[in-house]
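Report on one structure; see the data block that follows.
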Amino acid sequence: MSNSQLTEGIAPARLDPESYCTNFADHAPPLGTQEARIAADRCYFCYDAPCMEACPTAIDIPLFIRQISTGTPEAAAKTIFDQNIMGGMCARVCPTENLCEGSCVRMDSEGEPVEIGALQRFATDTLMAKQSHPYTRAERTGKSVAVVGAGPAGLACAHRLAMKGHEVTVYDARSKPGGLNEYGIASYKTPGGFAQAEVDWLMQIGGITIVENWQLGRVGDGDLAELLGDYDAVFLGMGLSGVNALRLEGEDKDGIRPATEFIAELRQASDLAELPIGRDVVVIGGGMTAVDAAVQSKLLGALNVTLVYRRSRAEMPASTVEQEHALTHGVNIIENAAPIAIHGNGAVRQVEFAYTKKGEGGLEMTEATFKLSADQVFKAIGQTLGDMPPKVEVAGGKIKVDGAGRTSVERVWAGGDCTHAGEDLTVTAVAQGRDAAEEIHQFLMEG
Amino acid sequence: MADLTSEFIGIKSPNPFWLASAPPTDKEYNVRRAFEAGWGGVVWKTLGSEGPPVVNVNGPRYGAIYGADRRLLGLNNIELITDRPLQTNLREIKAVKQDYPDRAIIVSLMVPCDEESWKAILPLVEETGADGIELNFGCPHGMAERGMGSAVGQVPEYIEMVTRWCKQYCSLPVIVKLTPNITDIRRPAEAAKRGGADAVSLINTINSITSVDLDDFAPEPTIDGKGTHGGYCGPAVKPIALNMVAEIARDPETAGLPISGIGGVTTWRDAAEFMALGAGNVQVCTAAMTYGFKVVQEMISGLSDYMDRKGFTSTSELVGRAVPNVTDWQYLNLNYVTKAEINQDDCIKCGRCYAACEDTSHQAIAVTEDRVYSVKDEECVACNLCVEVCPVECITMRKMDKGEVDPRTGETVGDYANWTSHPNNPSAATAAE
């Protein structure tokens with residue numbers, strides 16, 4: 001091994017082999033039984049609990065915590081899964097500081113919430129470790145539903161439909177199910193192959209078939225009309241397949257790529273030491289994808305990682321906790337700056353930025369500029385919907401839905417990041433998939 | 001730092017904190033450690049008659065209940081009196097007393113309920129130089145089945161008889177330790193007084209089963225698949241003990257009889273409460289068994305600090321200070337009207353007050369869409385449940401002034417008036433005559 005953190009350009013194996021294991025280990029190790037008991041004891045069992053209201057899937061948090069404190073974590077897990085079949089993943093990836101924990105009444109009294117996320121993980125891990133699935137299917141209805149996209153929305157929808165007795169086929173464009181759980185979330189948040197383990201566990205319900213490497217509208221696969229011909233209803237949960245461009249000259253230079261692509265590659269890498277990373281990495285954007293890309297670049301051995309966001313830190317979509325996570329891992333955050341030029345001959349060498357200011361018509365560039373050395377640039381300035389079937393109405397770049405995910409097309413529902421509703425979070429996708437399933441079920445049974 | 005020197009029935013100790021007769025005081029080694037840690041005195045674990053000592057079980061002796069974070073709240077034991085030879089204990093008592101003349105050593109005793117047995121042991125104890133004796137009439141398990149311990153303590157006549165023998169055959173001060181496993185604690189206390197007791201100490205442990213093993217279906221602690229009731233102590237029993245101490249302190253028959261308070265004393269505050277209700281000193285066991293002897297240092301500093309704040313120069317100024325305020329329900333002022341008030345600045349909006357009031361009480365708390373909780377004075381009976389369940393102590397009771405109209409009853413708050421003269425009381429007319 002001759003590479004080090006100082007090696008110029010984009011290079012693999014910058015660190016010694018052990019560092020990869022340490023760097024990408026579980027960043028929030030699970031609670032032990034005693035820790036869970038103590039953490040659970042802090043819950044006040046609030047009336048009409050604010051945490052529950054803050055949870056997009058409306059998990060009965062006080063109840064499940066009480067179940068943990070009385071020594072029945074499996075019952076706690078059942079309480080969680082009743083509302084959120086991907087409660088295991090959500091326990092790992094939810095920005096709890098903005099949701100349940102952010103609304104915990106202990107924030108008012110002590111500034112330290114009950115560790116709801118960690119407790120949820122304790123409960124769900126306990127049940128899932130037993131490899132038992134707590135749900136059975138209702139009597140078969142003879143109805144069938146196609147689900148497009150095996151991400152959180154699609155899988156939550158499929159599970160609920162299968163539970164109701166319908167036959168479900170889930171189509172996914174990738175070679176593995178899981179969607180962003182498998183391809184889009186920082187590795188240290190869900191180590192140990194948890195995303196696939198969760199899919200396997202969820203599939204134990206039965207009645208769900210997954211078809212991989214199948215993309216809606218791709219020649220040889222199938223289109224919406226065909227699905228509507230073959231199935232009684234269709235759910236669209238394909239997420240966002242495109243990424244926003246910087247719209248700068250030279251954007252096609254080597255070393256510039258979407259952050260999502262980098263994260264997906266990292267998640268699928270069998271040996272992280274083989275994954276090349278730049279010495280000087282620049283991440284453009286301010287969301288969770290930007291933070292995940294920046295932190296993981298650092299963990300792979302990049303010497304300098306700078307995250308640049310066009311607005312202030314307070315306005316960053318990534319939570320304060322995420323930002324602090326990046327800072328403690330040595331990521332440099334520059335706020336109020338936007339890229340204006342890319343320099344380099346063939347491959348990127350530098351990115352030039354201008355500081356921004358708030359103007360009357362929105363953000364304005366100032367005269368003040370600076371350049372950052374960059375072997376590698378990750379774009380994380382938002383994702384876009386891929387090609388849509390013509391009849392599906394799109395508004396603001398996303399599928400337009402009413403109520404529990406009804407689209408403009410009869411018998412077609414949608415949920416998750418591909419719709420305009422809610423925040424783009426795993427937990428929101430699960431809630432939308434679940435609620436659409438309930439409505440689809442109602443529709444199928446009435447029909 | 002306030003002077004904590006204590007004189008209880010003529011027995012001096014540097015502070016009013018004694019270790020109760022129990023495992024912590026079973027032998028010289030422990031007692032020396034206790035004195036080094038700062039305990040004012042000990043009641044040596046109960047001695048029995050000469051001869052083969054009792055035996056203990058060889059499985060678990062204790063069971064417990066817990067609060068949050070496995071904080072021990074209640075402890076139950078099935079241990080018997082000392083299982084070491086009488087002579088060994090007597091020798092050790094003498095040695096320790098010689099080395100710690102300023103500390104109190106009381107010897108707990110339990111022998112069969114006949115005059116000869118008591119006549120035999122008393123001189124042996126007196127010879128050790130101990131400061132007093134405590135008669136164990138309280139132990140509820142094992143010994144009671146042999147006609148000792150609480151089997152004696154539950155029969156006032158026996159208490160009186162044995163106490164009299166002790167006063168007759170021994171010059172040491174006699175403390176009678178009372179069992180709470182009885183209907184009216186005043187009867188055994190009166191009997192002790194009639195027998196000539198210098199003081200009573202209470203409470204001994206309460207008959208209890210702490211828990212049941214739901215796999216083996218046996219009470220815990222479980223000995224080879226079986227369990228038996230044990231004696232319950234620790235913080236959980238304090239309220240029961242406080243009441244019994246107060247009952248003896250305020251009853252005309254027993255008022256003035258010195259009391260050594262026992263039952264869940266864990267902090268200086270617990271001790272101060274016992275003393276305010278009439279205990280001349282306190283005895284501690286579970287707190288020491290949970291945390292070790294060092295806890296006494298907090299008790300000493302805490303009580304001293306409190307006394308300084310209050311301007312008390314001697315513990316005697318604290319003893320019994322709350323007794324005149326313990327009364328019967330019928331004398332409580334029915335015109336004392338209060339209303340709960342929620343401090344909105346401190347409220348964390350958990351809604352526990354609401355759940356408690358709405359589901360189980362008087363529907364006297366209102367809640368808005370944005371979780372602002374407020375008291376409906378027209379419904380509030382001032383039960384205090386909201387105060388008790390609030391985790392951040394943001395609810396207080398506001399006293400309504402004389403002349404104000406209680407929105408719940410529509411009545412004007414008047415002068416002191418109690419049940420004895422209330423129109424709804426069938427006996428009121430007679431009482432008024």
Side-chain angles (χ1 to χ4, degrees), chain A residues 31-55 58-76 79 96-116 118-119 122 130, chain B residues 63-74 210-216 220 235-236 340 342-376 385-396:
Chain A
L31 299 178
T33 307
Q34 176 69 0
E35 287 171 296
R37 200 200 313 265
I38 294 168
D41 272 331
R42 294 185 65 237
C43 176
Y44 287 138
F45 204 74
C46 293
Y47 173 79
D48 208 3
C51 54
M52 195 172 157
E53 284 176 35
C55 174
I59 292 169
D60 193 337
I61 294 164
L63 178 61
F64 96 66
I65 291 179
R66 190 168 171 82
Q67 287 166 321
I68 290 172
S69 71
T70 58
T72 55
E74 291 90 349
T79 300
T96 51
E97 61 277 9
N98 292 343
L99 302 171
C100 51
E101 293 180 10
S103 66
C104 177
V105 297
R106 281 206 186 247
M107 289 299 288
D108 281 348
S109 54
E110 303 151 44
E112 286 294 333
V114 174
E115 293 175 83
I116 300 169
L119 285 165
F122 175 78
K130 299 199 164 166
Chain B
I65 64 157
Y66 300 100
D69 199 4
R70 211 173 153 82
R71 181 178 292 258
L72 192 146
L73 297 181
T210 39
S211 55
V212 176
D213 186 313
L214 288 176
D215 294 315
D216 296 338
E220 293 187 270
I342 301 173
N343 180 333
Q344 297 298 340
D345 291 338
D346 294 343
C347 175
I348 59 170
K349 307 189 191 314
C350 69
R352 282 171 68 157
C353 58
Y354 178 82
C357 192
E358 194 70 9
D359 287 354
T360 71
S361 296
H362 300 86
Q363 296 75 49
I365 292 178
V367 58
T368 63
E369 282 275 308
D370 54 345
R371 303 181 71 85
V372 174
Y373 297 91
S374 57
V375 177
K376 295 186 245 175
L385 183 62
C386 55
V387 174
E388 308 297 4
V389 301
C390 173
V392 294
E393 301 177 70
C394 76
I395 311 178
T396 48

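- With a 4.5 Å cut-off on side-chain heavy atoms, A/Leu31 and A/Leu119 count as touching.
- Between B/Arg371 and A/Glu53 there is a salt bridge, since at least one side-chain N of the basic residue sits less than 4.0 Å from a carboxylate O of the acidic one.
- The contact between A/Ala49 and chain B is made entirely by backbone atoms, counting heavy-atom distances below 4.5 Å.
- The side-chain heavy atoms of A/Ile116 and A/Thr96, taken from C-beta on, include no pair separated by under 4.5 Å.
- The stretch residues 353-366 of chain B places B/Tyr354, B/Ala355 near chain A, each with some heavy atom under 4.5 Å from a heavy atom of that chain.
- By the 4.5 Å heavy-atom criterion applied to side chains, B/Ile342 and B/Val375 are counted as neighbours.
- Between the CD atom in A/Glu115 and the CD1 atom in A/Ile38 there is a gap of 10.0 Å [rounded to 0.5 Å].
- Interatomic distance, CG of B/Asp69 versus CG of A/Asp41, reported as 7.0 Å (0.5 Å rounding).
- Note: A/Val105 leads A/Asp48, A/Val105, A/Asp108 in heavy-atom pairs under 4.5 Å with chain B.
- At least one side-chain heavy atom of A/Arg42 sits under 4.5 Å from a side-chain heavy atom of A/Glu110.
- At a threshold of 4.5 Å between non-hydrogen side-chain atoms, the residues B/Val372 and B/Gln344 count as touching.
- For a residue to count as touching a neighbouring chain, one of its non-hydrogen atoms must lie under 4.5 Å from one of that chain's; by this rule B/Tyr373 touches chain A with the side chain only.
- Two residues are said to be in side-chain contact when any heavy atoms from C-beta on lie closer than 4.5 Å; B/Cys390 and B/Val392 meet this criterion.
- For the pair B/Arg352 and A/Tyr47, the cation does not sit on the ring face, since its NZ or CZ is not both under 6.0 Å from the ring centre and inside 45° of the axis.
- Distance CD/A/Glu112 to SG/A/Cys104: 10.0 Å, rounded to 0.5 Å.
- Proximity to chain B at a heavy-atom threshold of 4.5 Å picks out nothing from residues 64-73 of chain A.
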